[in-house]
Amino acid sequence: MTQKLIVIGAGMASGRVLEHLVEQAPDAYDITLFNSEPRGNYNRIMLSPVLAGDKTYEEIVTHDDAWYAEHGVDCRFGQRVEGIDTAAKTVTAPGGEVLSYDKLVLGTGSNPFMIPLPGHDLEGVIAYRDLEDTEKMMEMGAGHKVVVIGGGLLGLEAAAGMAARGVDVTVIHIMGHLMERQLDESAGFLLRRALEDKGITVKCQANSKEILGENGKVRALLLDDGTELPCDLLVMAVGIRPNVALGKEAGLAVGRGIHVDDQMVTSDPDVLAVGECVEHNGAVFGLVAPLYDQAKVAAQTLLGEDAAFVQKELSTKLKVTGCDLFSAGDFAEGEGREDIVFRDPARGVYRRLVIESDVIVGAVMYGDTADSNWFFGLIKDKENIAEMRDTVIFGPAYQGGAPLDPLAAVAALPRDAEICGCNGICKGQIEDAIAAGATDLGAIKATTKASASCGTCTGLVEQVLAVTLGDDFVMPAAQTMCGCTDMTHEDVRRMIKSQKLTSMPAVWQACDWKTPDGCHVCRPALNYYLLADWPLEYADDPQSRFINERKHANIQKDGTFSVVPRMWGGVTTPSELRAIADAAEKYDVPTVKVTGGQRIDLLGVKGEDLPAIWKDLNDAGMVSGYAYSKGLRTVKTCVGTDHCRFGTQDSTGLGIKLEKILHGAWTPHKLKLAVSGCPRNCAEATCKDIGIICVDSGYQVSIGGAAGMDVKETELLIQVPTEDEAIAVVCAVTQLYRENGKYLDRIYKWLAKVGMDWVKEQIEDEATRAALVDRFEISQSVYRHDPWAQHAAEKPQSYQPLANLSLEAAE
Amino acid sequence: MTDWIDVSALEDVPVRGARVVKTALGCVAVFRTGADTVHALDNACPHKGGPLAEGIVHGTSVTCPLHNWVFSLETGEAQGADEGRVNTYPARVEDGRILLEAAFLRARVAAE
């Protein structure tokens, strides 16, 4: 005999129950379906594509009127059930009609959680849950502002959907990075970047304080730091709570959700529950995969068959066009857990696998999620990956039957696979060069230019060498930045640029630093890279600088300091000399010495006297000579046409101009310049980092000289006819070195890595040169200043002892 | 009874930095780590007397500015291949103030 089944809630889980029932036993039940929304079952997870305009509502309807009619379902849409009497086995419909059942299925779903902020009941404050919410968001367009609270899956999909409609969207997220439950921080950074590229403003670690209204309608969101974000609509997407009200009133056992057993039966044997309203073994559910599993089990239970619901590993994909993102399993760090990380910043790809006892327990992927199903399978099946550990991160394409060697991934690349992006060199060209006798990295660079520019493909080139030469090639070990990281300087800097890492903690997180806050090796390097790459965004960190740069003086072996005032171009005046002499006497300076860079050095100044001696020198018109810096030191000059009978140009004047433009600029290592007025080269310009020799027809700019541990003559970069062009070339090549040089490489070392040809190409190209000059000027707008004056005025006390307890000890 | 001397506010020492406290027998360096713990050590590296307060502070270590010896701020022991040790003194933070133990000064006198 046909039994009566009442289903409350026409959602995705209960909808799937109905499908299973009508397919397996179409005559088993007379079905009545209540739904408080005035419509039947639609694919709720496709609301985001509807919002974004990629789909229409009609396309996401799962069951239309015809389907319900065909299967004889009595639809009560728009009707909210008033009560359940489990003893009498009846349901009361709106209006008082009482319907009896043999079996009841609850699919009441969940309610969006609304933060009870002041103003949360204003018009224009909505959740993101159903078609009505979606329609309200779809009314927004260009010229509208929307704030989304919640940087989780739903909030970001809502934000991206509205941004695609031209809405000015701001996402407010309370945690430090987006989707923190599904993503680690590195992937969170990538996601944030991608969303920002879509024009969405993202604010993390932001606390909402109040929703401000006007005439009963939302006007703005106020953050607790006082920021006011104007908006026409405010969407709260901060989570869901199982909707248990009806079940609770009916007297069913309820915790966070309606309790069900493995058969999806509630505490009443004739009442089942499925979907987001249930709690099973302490867990509640928000993703669709387990809901479908529950639906299948519930249908079988209703048909008297044995079935049990088992919780499985879950995976998440974000449905935002252009943000390919996948996460599955557990990726928290922990004892006995190891990470395998693969990054390809050029393609914006990030993959991280978390491994415990040779089993993958978690995976996060961003940018390329094509292999996500394969990884998800490994997680679900708890497959032992010991055999393929070295290559597993590359995905299934690199897994053969036999254990693979990690180089197989490179070996498997076709000949036309590009290895060096800067120079467009393919694997085949490198193989040909090897066949022609280039058997090490240097020879490959020299013959093909592969890895000779930015150097980031060095590892790949070495792998091609290793694959091609076999045992004849010894792979050099990559030099990591320091013990805090497994990354090289080049890797870290690439991350800083490509992932827009603008703070030291961001680098530590994104690059998996092993120490809490670095060490004396990496911190100065990171500080340099960050300020060079993000001059406006990053604030210089004195605590990450070596003492000389922190205190703007050179520490001596007895802990005293040396002080060198700037003499522009090596030119001074009687009054400056008098002031220097006065200062030397006033502060008991034991040694006054002339330096190799045409300056006067006051050696042996006590640390506590520094602000005072600087003040005196400042008052006489002198500023810091930066004699302590990994930055512009000096521009040495000869007297040029002013006095010299051989001089061809005003070399002193040019030196002074250059020094005034370049001073304060931080570079990977110290930067010394010289300008000689004729090829007799009295200023010794040809052993400087950048040297200029004036000739009748203009200026010869050469770079890469050295006169220290190594002695090297400069190489000619370019000859230009005018002084202005010479200055532009010097600024441009300095900026090129700043942007590409490894920390603590002088120009000559950098030049050996990138090659003079590449540098010439950049400088000779006028657009490139101009862009470099522009970027240099942006940086200099922040850093071209006198730190002595600043420290003497703002923090002289920091140079004094914290306390003087000399007298206490006498007690 | 332990007798603590209030030397300064915690903010007077930069995060991952140090300042010195003068005593009759030379300077003591007061360090503040990234985690806001404070440590007091002799301000002289046993290698060549380098002023440790001018070093780079990382984790609970400091690197001497002269020749890069690294010392634990907790034990005063040189780290890695270098051998040596500097004295450490009790220090703590209470209500945003840095406190040093008065007895350490007298102990310093006695030890010299």
Side-chain angles (χ1 to χ4, degrees), chain A residues 482-485 503-505 508 513-527 539-561 606-608 610 628 744 791 795-811, chain B residues 3 5-9 12-30 32-35 38 40 43-45 48-70 79-80 98 100 102 104-110 112:
Chain A
C482 63
C484 301
T485 175
S503 73
M504 230 175 276
W508 295 333
W513 239 245
K514 297 171 198 164
T515 48
D517 47 15
C519 70
H520 66 273
V521 178
C522 59
R523 284 243 303 280
L526 291 181
N527 190 56
D540 181 38
D541 175 25
Q543 299 311 128
S544 294
R545 285 186 176 276
F546 180 60
I547 183 61
N548 290 0
E549 294 185 345
R550 195 183 327 138
K551 288 206 164 166
H552 296 278
N554 292 54
I555 196 163
Q556 306 297 312
K557 67 173 195 174
D558 59 355
T560 63
F561 292 86
K606 289 185 270 308
E608 293 147 68
L610 288 172
Y628 44 79
L744 300 186
H791 284 218
K795 50 180 187 183
Q797 73 291 343
S798 69
Y799 287 79
Q800 307 307 319
L802 196 54
N804 189 339
L805 304 180
S806 307
L807 296 176
E808 306 255 347
E811 282 167 18
Chain B
D3 182 10
I5 302 177
D6 181 332
V7 292
S8 74
D12 293 339
V13 181
V15 176
R16 297 185 197 97
R19 298 276 298 276
V20 297
V21 170
K22 272 197 171 172
T23 77
L25 286 154
C27 290
V28 170
V30 178
R32 176 178 176 188
T33 66
V38 297
N43 190 35
C45 176
K48 300 271 182 181
L52 296 179
E54 314 281 24
I56 288 177
V57 177
H58 46 100
T60 50
S61 303
V62 62
T63 301
C64 177
L66 293 194
H67 305 98
N68 290 338
W69 282 33
V70 179
Q79 309 289 293
I98 295 175
L100 299 184
F104 89 85
L105 294 167
R106 292 187 272 277
R108 265 168 81 75
V109 176
E112 298 293 332

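Sequence lines set the chain letters: A, B, ... in the order given, protein chains first and strands last, and positions in each chain run from 1. This is a predicted model, so every value here is computed, not measured.
- The part of B/Pro51 that comes within reach of chain A is its side chain, from C-beta onward, which places non-hydrogen atoms under 4.5 angstrom from that chain.
- Of all heavy-atom pairs between A/Arg523 and B/Ile56, the closest is NH2-CG2, 3.7 Å.
- For a residue to count as touching a neighbouring chain, one of its non-hydrogen atoms must lie under 4.5 Å from one of that chain's; by this rule A/Arg550 touches chain B with the side chain only.
- A donor-acceptor pair under 3.5 Å is absent between the side-chain atoms of B/Glu54 and the main chain of A/Ile547, judged by distance alone.
- Rounded to the nearest 0.5 angstrom, B/Lys22 NZ and A/Glu608 CD are separated by 4.0 Å.
- With a threshold of 4.5 angstrom between heavy atoms, B/Ala53 approaches chain A through N, CA, C or O but not through any side-chain atom.
- Here the side chains of B/Asn68 and A/His520 are in contact, with some heavy-atom distance below 4.5 Å.
- Proximity to chain A (any heavy atom under 4.5 Å) is restricted, for B/Val30, to the side chain, taken from C-beta onward.
- With hydrogens and angles ignored, the 3.5 Å screen pairs no side-chain donor or acceptor of B/Arg19 with any backbone N or O of A/Ala803.
- Looking at A/Pro524, the atoms closer than 4.5 Å to chain B (heavy atoms on both sides) all sit in the side chain, from C-beta outward.
- At most 12 non-hydrogen atoms from other residues, nucleotides or ligands lie less than 6.0 angstrom from NZ of B/Lys48.
- The two residues B/Gly59 and A/Asp517 have their closest heavy-atom pair at N-OD1, 2.5 Å.
- With chain B as the partner, the residue from A/Pro516, A/Gly518, A/Cys519 showing the most heavy-atom pairs under 4.5 Å is A/Cys519.
- For B/Val62, no part lies near chain A; criterion is any non-hydrogen pair under 4.5 Å.
- Under the 4.5 Å side-chain criterion, counting only non-hydrogen atoms from C-beta, A/Thr515 is not in contact with B/His58.
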